[in-house]
Amino acid sequence: ALGLNMRDQQLAAMRSGDIVLVTFNALATDYTIENLTTDIDGYARFPEWSPDGEWIAFDLGEWRDNGEANRSIYIMRADGSDKRKLINGVSPQWHPHQDIIYFTDWGNSRVIKAIDIQSGDVTNVVSVENCPFATESLLANFRLHPNELLAVFQLGHRTALWSKATNTCSLLDTTYNPVWMEDGTIV
């Protein structure tokens, strides 16, 4: 998974269990790679830039003492400093205009939640119960539409469209793990 911040010609990416920052020169003919997560134990993945380009959210897999895995949502500054664990979860996605991160609940992968980074408040956004056709247990990769009234997310190996107004879902005939373009179309 890649996170792109074109303003600063930077790319956040996963590499061998770490999040790396790739910075390109002005002509994109050369680049440097800086490892941002070697100072924390675990397997980091799914980097996602904040709308202002100052922060990167990611999830980190950690092994508990009893041998079970746990995944948590972290944020860090774009230079790798100020790492903070927010909550247990996977697949972080920033709200396009607010300090809110959407994520799949680690304890219940049938629910997408949102956490307000400033207050720490957590709310349920959508669950499988809102998708009567859902037989899969995994909801992931929640992407809010630019108008903030619709979202797409991965439902197992299918794609679902969620309506905020009716709090219902429908299946889409689109690609796996779709994203919204600025004009509101899905790719």
Side-chain angles (χ1 to χ4, degrees), residues 1-6 11-14 19 43-53 55-61 68-75 85-187:
L2 302 174
L4 191 57
N5 176 357
M6 290 305 290
L11 175 77
M14 301 183 310
I19 304 299
Y43 189 87
R45 62 185 192 162
F46 302 124
E48 180 78 18
W49 288 93
S50 65
D52 64 7
W55 295 87
I56 299 172
F58 60 98
D59 76 45
L60 184 75
E68 292 180 11
N70 185 52
R71 294 210 74 83
S72 301
I73 304 295
Y74 279 75
I75 59 172
K85 178 180 175 179
L86 297 179
I87 194 165
N88 288 345
V90 296
S91 192
Q93 303 293 324
W94 285 88
H95 185 287
H97 310 294
Q98 299 176 29
D99 285 340
I100 293 173
I101 294 177
Y102 298 100
F103 64 96
T104 301
D105 186 343
W106 177 250
N108 180 4
S109 63
R110 298 171 64 85
V111 178
I112 299 284
K113 293 186 175 186
I115 184 168
D116 183 305
I117 294 171
Q118 304 306 319
S119 69
D121 292 341
V122 177
T123 55
N124 288 352
V125 178
V126 65
S127 74
V128 168
E129 285 71 33
N130 301 92
C131 306
F133 49 82
T135 57
E136 292 88 354
S137 61
L138 175 66
L139 303 180
N141 301 322
F142 186 86
R143 299 277 185 181
L144 196 62
H145 187 278
N147 70 14
E148 301 180 27
L149 298 175
L150 300 170
V152 290
F153 59 91
Q154 183 181 323
L155 180 64
H157 294 287
R158 300 184 293 171
T159 300
L161 175 71
W162 172 73
S163 166
K164 183 176 183 177
T166 61
N167 196 23
T168 58
C169 300
S170 57
L171 283 178
L172 296 179
D173 245 354
T174 63
T175 61
Y176 182 71
N177 198 13
V179 295
W180 295 104
M181 301 301 292
E182 286 185 24
D183 66 0
T185 58
I186 299 174
V187 293

Open item on the list: Looking at E48, is its backbone amide N or carbonyl O close enough to the side chain of W94 to form a donor-acceptor pair, meaning the two atoms are under 3.5 Å apart?
Closed with: yes
Open item on the list: Could you go through L144 and Q93, starting from their C-alpha distance and side-chain angles, then the distance that decides it, and tell me whether this counts as side-chain contact (heavy atoms from CB on, under 4.5 Å)?
Closed with: CA-CA 9 Å; L144 196 62; Q93 303 293 324; over 6 Å; no
Enter the distance from [X]:[atom1] to [Y]:[atom2] here, rounded to the nearest 0.5 Å.
X    : Y    : atom1 : atom2 : value
D105 : I87  : CG    : CD1   : 7.0 Å
M14  : D59  : CE    : CG    : 9.0 Å
I117 : S50  : CD1   : OG    : 8.0 Å
K85  : I73  : NZ    : CD1   : 10.5 Å
S72  : W106 : OG    : CH2   : 9.0 Å
I115 : D121 : CD1   : CG    : 8.5 Å

- [ ] Assess whether side-chain contact (heavy atoms from CB on, under 4.5 Å) is satisfied between V111 and T104, documenting all intermediate values.
- [x] CA-CA 6 Å; V111 178; T104 301; over 6 Å; no
Open item on the list: Between W162 and N167, is there a side-chain donor-acceptor contact under 3.5 Å, judged purely by atom types and distance?
Closed with: yes
Open item on the list: As a quick check of understanding, evaluate side-chain contact (heavy atoms from CB on, under 4.5 Å) for V90 and F46, giving each step before the final call.
Closed with: CA-CA 8 Å; V90 296; F46 302 124; 5.8 Å; no
[X] to [Y] - nearest heavy-atom pair and separation:
X    : Y    : value
I101 : A57  : CD1-CB, 3.7 Å
Q98  : H95  : N-ND1, 3.2 Å
V122 : F103 : CG1-CZ, 4.3 Å
S119 : D116 : N-OD1, 3.0 Å

TODO: For the pair F58 and Y74, name the ring-plane relationship: parallel under 30°, tilted 30 to 60°, perpendicular over 60°.
DONE: parallel
